[in-house]
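Each remark here refers to the structure printed beneath this line.
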Amino acid sequence: MDDANGTAVTEFILFGFSYLGAYQSALFWGVLFVYLVTLLGNSLIITLTLLDPALTTPMYFFLRHLSMIEILYTTTIVPRMLTDLLSSHPAISPASCFTQMYFFALFGIAECCLLTAMAYDRYAAICQPLHYAMLMKRQVCVGMVSASYLMGIITGTTHSIFIFTLPFHGTNIVHHFLCDNLPVLRLASGDTLWGEVGILALTLLFIMTPFALILFSYVRILITTLGVASAQGRQKVFSTCSSHLLVVTLFFGTATLAYMKPGANATQDTDQILSFFYTVVTPIPCLV
């Protein structure tokens, strides 16, 4: 990260919620509580779906992997966030920043893809019941989950390596509570055009496209349900799909707003609040 035009950055300062002052301690306890609920709840889901022979359908297979991703996703972010809320000097080394950015992208993209797979599973179960066993056989489910992780690995690797090959000198204050790609990219001294284009492409490919596919699946589910199901059947379908649709709306809605806003209209506080929702709030298992 050396650069002839200035001193190389040796650490980044995660400014985060420093502007809250004394209220940071209250936020600390709130985030800690949510994090513990997330860990315990998702761990319970994983345990139950592994031990209960009745929970072996594709829906619970996907749910188990989603819970695993939620635990890893929040653990990439929250422990560092809690430490920084109590620190007067919330510094992070470039190597640690790179690592957090990589795993944040990996698990975030994997979750986007897995939520899409779950929507397809529910579409197949409701709209194609006679072909469900063939459409969602074991090999297909394993392939969907594997593809979700693979997309996360590819995206996390390419974006993190690209950003950290750019020179960093001068200001080192990241106006965020984590090493997200856009806030860190804004500190780079080199040409960031291709990085911004890549992030936009990433948003369109792995956020907007899955969101559109999920909405399409639920539109088909709604049409099928209203057309052929009884009132009791409709109620069962809506109760089954509503929790997943709520998570999808919170996760994709806030992520889309965070990454698709025009730069001139973006505010640092707004970015952090939106990020807080899709990194801390949506992993709570009671919403799944």
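Counting begins at 1 with the first residue of the sequence. Note that the coordinates shown come from a computational prediction; the quantities given were computed from them, not determined experimentally.
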*asked:* As a test of understanding, state which of L72, I71, I77 forms a side chain to side chain contact (heavy atoms under 4.5 Å, CB included) with T75.
replied: I71
*asked:* Would you compute the distance between atom CD1 of I173 and atom CD1 of I13 and round it to the nearest 0.5 angstrom?
replied: 7.0 Å
*What is the ring orientation for F168 with F164, classed by angle as parallel under 30°, tilted 30 to 60°, or perpendicular over 60°?*
tilted
*Short question: side chain of T224, backbone of I221 - any donor-acceptor pair under 3.5 Å?*
no
_Between F277 and F33, is there shared hydrophobic-cluster membership here, with clusters defined by ILVMFWY side-chain heavy atoms closer than 4.5 Å?_
yes
*Donor-acceptor contact below 3.5 Å, side chain T157 vs main chain I154*: no
*Which word best sums up how the rings of F177 and F276 line up, parallel for under 30°, tilted for 30 to 60°, or perpendicular for over 60°?*
perpendicular
_Sidechain-backbone polar pair: S25 side chain, A22 backbone, donor-acceptor under 3.5 Å_ = yes
*Short side-chain to backbone donor-acceptor contact, Q128 and Y123, under 3.5 Å*: no
Exercise answer: donor-acceptor pairs, residues 87-105 side-chain atoms, under 3.5 Å, sequence neighbours excluded:
| unit_1 | atom_1 | unit_2 | atom_2 | d |
| --- | --- | --- | --- | --- |
| S87 | OG | H89 | N | 3.0 |
| S87 | OG | H89 | O | 3.2 |
| H89 | NE2 | E11 | OE2 | 3.1 |
| S93 | OG | S96 | N | 3.1 |
| S93 | OG | S96 | OG | 3.0 |
| T99 | OG1 | A95 | O | 2.9 |
| Q100 | OE1 | C179 | N | 2.7 |
| Q100 | NE2 | T76 | O | 3.1 |

*asked:* Donor-acceptor pair, distance only, cut-off 3.5 Å: does the side chain of N42 make one with the backbone of T38?
replied: yes
*Only pairs at least two apart or in different chains count here, so list each ring-ring contact (aromatic ring centres under 6.0 Å, His included) that has a residue in residues 131-152.*
none
*What's the spacing between L182 CG and H175 NE2 if we round to 0.5 Å?*
14.0 Å
*asked:* When you measure from the side chain of R64 to the backbone of T49, do you find a donor-acceptor pair of N or O atoms at a distance under 3.5 Å?
replied: yes
*Could you tell me whether R138 sits above the aromatic face of F61, with NZ or CZ closer than 6.0 angstrom to the six-membered ring centre and within 45 degrees of the axis?*
yes
*Say whether F28 and L20 are linked into one hydrophobic cluster, either directly or through other cluster members, by side-chain heavy-atom distances under 4.5 angstrom.*
yes
